[in-house]
Amino acid sequence: MRFKKELDYVHLSKYFYIFSITLTILGIIFLAVFNLNYSVDFKAGSNVDVSLSKNLTVDQIRTAVANIGTDHEPNITPGTQRVTIRYDEELTNKQDAALKSAISKLDDKASFEVNTVDTEMARELARNAIYAVLISCLGIIVYVSIRFEWRFAIAAIVALVHDAFMVVAVFSIFRLEVDLTFIVAVLTIIGYSINDTIVIFDRIRENLRFGKQKTYDDLKDLVNKSVSQTIMRSLYTAFTVFIAAFFLLVLGGESIKMFSLAMVIGLLFGAYSSIFIASPLWLLLKKNQKAKPKGKPAKA
Amino acid sequence: MKRLLSFIITVLVLVAVMAVSTPGLLDRVRLGLDLKGGFEILYQAQPSEQGKEVTRASLLQTAASLEKRANVLGTSEPEVTTEGTDRIRLKIAGVTNEAEVREKMKEPAVLTFRSAASGDPEGTYSKVELVGSDFVENAATIGRDNLNQIEISIKVKDKQKFAEITKRLLGQHLAIYLDDTKLSDPQVRAELTDGTASISGNYTIEEARNLADTINLGALPLKLTEKYSQSVGATLGKQSLNQTVQAGLIGSVFILIFMIGMYRTPGLIASFALILHTWLLILVFVFADFTLTLPGIAAFILGIGMAVDANIITNERIREEMRSGKSIMSSVKAGSKSSFRTVMDSNVTTIIVAAVMFAFGTGSVKGFALVLIVEILLSIFTNLYFARWLLNMLVKAGKLSKPKQFGVKESEISAL
């Protein structure tokens, strides 16, 4: 179960840089053209989740809810014994009640979850989410700069922004629905991804204490060595957290499906970026620190 | 021998405590609406009169009135909290006549006394003289007037103000409006100095009582608009709870199997620490009276994954030391020491993220962040200190002397 030979992670990272940059550009294009598929949490409207005891067709439901007095046609997404009905307008109490009674006529065991969000509130939620991401990045930069050095902080932030963006990009590309729990997932991924990166950086910092690294090759070997020393731990941890998220995705409640999916995607990118993006990036930054007279080790 | 004994006693006592207390504890965990059904509404409060501000006092008073109102309507455990400077969050669980309750909650009747402004058509009044907050709480009572007609009396807070109004409007009409419905428009016949206004008319007792109730309900100091609402059917909530808990259990069992298979005895200790960690978290939930929501369970399960990380880092490090040829005793010592800093660093960074989520999040995001923070703190205690302590006891008792017990093959160990 061990890698006997050290892989040249630094060399390999060139290909992964290309992969990540390509995916980033693709993500930006998709975001610019199609944006994200926002749920009612971020754009005003009502979302009705119905859990059914029998299978109903979209047509049956469309007919049933046609007369509840809404201005727009709802968007109906069927699932197994489950239907999501989305309105771009906020349902009033009367419409809400009418909808429930119409569907209850088709299936008296139907159970509902209704979410209604007002436009102003939706904007506020989105704004807070963006603030949260920015401020946590700032907090991490400060902490890592104090505990390590700024180069580690920069590399760590690039890696975590990369992870967060990748999840956003995947959700945009596959038109997956972005709701409030998605933000929670992205923030958790940031927390997890930084966790992962820190473990490897810790090892690099530790190894920096032994011997002097004079040349770029010394540093490169050091990074390769540090990554290979921690790779099993990185893989095991990614694996165990992945298991937890995976079971939530497959077996967990419907309302955290998107959360779990975002987590699964994010965890994979988190492990990947810690190994192939963050550490080589630190090396790249470190390489340009030539001006210093001695191969000064990083301050602890 | 003494060490082994204290190890065994510690483990046995903890197992017993956990086994006995867990069923009772689980019953006492407060479930969120998304898990037991119910509805939640976030209101934004606005001053009921223009030019006035929403004060902390008026917000609290409105929240209190809302709670009273929910109680009057016969709902169980209504939960009303204020949020920020002008918001009120209302949570009501297990409501059967949801639509009706919501309607009553959402449209608080606003009681006003109005007089005719110039240009008002006959019988309509648009100049507001008194508003809801000018009336005493539960102001409306029913009685009978001299002619034995049913009469609803409303008490006004400021007698002088009422006296001034009635003096000014002597001979004119002072109409009583509930929202935009005119209840009555009696003529002011005398200056009223006792601070009580009366509505009399052809009401039956029933009607009068309803009207008085509505007026009392309507005496909200602030006007509310729904900003966000979520309603979950009880069946759906239960379904979500079962599914998520089941997913969590299966995921956890896999993690435990992985840990034991990979790290053998230390893995077993790690698994024990993980179970203790989960039990403590439930304990915190019960004693701190946290509400468990769906995202909370998700954080719960992810936290287990993160807690495993601490164990993996430590155990990998110990194995590494062993492979380099150190003795078991010194491997455990060196491995625990060097992994400690790493685990702390990685946990602190995650706490930073969680703290930001807590500060900026609302509702479920806040809950998620809180669970994560508590969990990381508990994890530092159980998976770092406690697991290490147990492991040390076993090593010192001489019960862990073979590399195999750590999942390390003899062939992997290089000579010093």
Side-chain angles (χ1 to χ4, degrees), chain A residues 2 49 51 93 96-97 109 111-118 120-121 125 128-129 131-132 135-136 139-140 143-144 147 180-181 183-184 187-188 190-192 194-196 198-199 202-203 206 229 232-233 236-237 239-241 243-248 250-256 259-260 263, chain B residues 34 42 99 102-103 106 226-236 239-241 243-244 246-248 250-252 254-255 258 262 294-295 298-299 301-302 304-306 308-309 312-313 316 320 338 341-342 345-350 352-357 360-362 364-365 368 372 412:
Chain A
R2 296 171 66 209
D49 255 323
S51 168
N93 264 335
D96 182 328
K109 287 199 191 71
S111 189
F112 302 86
E113 171 166 351
V114 187
N115 280 290
T116 297
V117 181
D118 148 302
E120 198 186 311
M121 193 69 200
L125 288 173
N128 280 354
Y131 281 159
I135 291 178
S136 30
I140 287 166
Y143 182 78
V144 176
R147 294 282 293 152
L180 198 54
T181 63
I183 297 298
V184 178
L187 289 169
T188 315
I190 290 178
Y192 172 82
I194 185 75
N195 189 323
D196 219 15
I198 290 289
V199 172
D202 239 1
R203 191 54 80 96
E206 194 183 314
Q229 278 171 348
M232 285 332 283
R233 172 263 148 207
Y236 291 158
T237 309
F239 177 68
T240 46
V241 185
I243 285 181
F246 179 76
F247 277 105
L248 275 186
V250 179
L251 303 170
E254 195 75 25
S255 33
I256 52 167
F259 169 85
S260 317
M263 282 300 305
Chain B
D34 49 358
L42 184 67
R102 262 182 93 165
E103 197 61 48
K106 188 181 167 188
E226 265 187 36
K227 282 282 154 187
Y228 168 89
S229 74
Q230 182 190 31
S231 83
V232 180
T235 330
L236 200 62
Q239 194 184 326
S240 298
L241 176 67
Q243 282 175 339
T244 311
Q246 193 192 3
I250 295 177
S252 306
F254 265 86
I255 291 175
F258 173 84
M262 194 55 94
L294 212 46
I301 293 162
L302 279 167
I304 293 177
M306 302 252 225
V308 168
D309 191 28
I312 291 182
I313 291 173
E316 276 299 317
E320 212 177 293
S338 52
R341 202 181 52 191
T342 310
D345 272 339
S346 58
N347 278 334
V348 170
T349 44
T350 308
I352 292 176
V353 177
V356 170
M357 267 197 264
F360 280 89
T362 47
S364 58
V365 179
F368 177 89
L372 208 57
E412 290 170 351

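In the text below, chain A, chain B and the rest are named by the order of the sequence lines, each starting its count at 1. Every value quoted in this text rests on a predicted model; they were computed, and no experiment measured them.
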Side chain, backbone, both or neither: which part of A:Phe239 has an atom under 4.5 Å from a heavy atom of chain B?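 Interface part for A:Phe239: side chain.
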How far apart are the closest heavy atoms of A:Arg233 and B:Asp309, and which atoms are they?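 Minimum heavy-atom separation between A:Arg233 and B:Asp309: NH2-OD1, 2.8 Å.
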Can you give me the closest heavy-atom contact between B:Gln243 and A:Gly252, atom names plus distance?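 Of all heavy-atom pairs spanning B:Gln243 and A:Gly252, the closest is OE1-O, 3.7 Å.
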Check whether any side-chain heavy atom of [X] lies under 4.5 Å from a side-chain heavy atom of [Y], and answer yes or no.
X	Y	result
B:Leu236	A:Phe112	no
A:Asp118	B:Tyr228	no
B:Thr235	A:Lys109	no
A:Arg147	B:Arg341	yes
B:Gln239	A:Ser51	yes

For the residue pair B:Phe254 and A:Phe247, categorise the inter-ring angle as parallel (less than 30°), tilted (30 to 60°) or perpendicular (more than 60°).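 B:Phe254 vs A:Phe247 ring planes: tilted.
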Output the distance between atom [atom1] ([X]) and atom [atom2] ([Y]), rounded to the nearest 0.5 Å.
X	Y	atom1	atom2	value
A:Gln229	B:Glu316	CD	CD	11.5 Å
B:Ile352	A:Ile194	CD1	CD1	8.5 Å
B:Thr350	A:Ile140	OG1	CD1	8.0 Å

Is a side-chain donor or acceptor of A:Asn115 paired with a backbone partner of B:Gln230 at a separation under 3.5 angstrom?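 No, because the side chain of A:Asn115 does not come within donor-acceptor range (under 3.5 Å) of the backbone of B:Gln230.
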Please evaluate residues A:Leu251 and B:Ile250 with respect to the criterion side-chain contact (heavy atoms from CB on, under 4.5 Å), reporting the C-alpha separation (whole Å), side-chain torsions for both, the decisive distance (0.1 Å), and the verdict. CA-CA 9 Å; A:Leu251 303 170; B:Ile250 295 177; 3.5 Å; yes
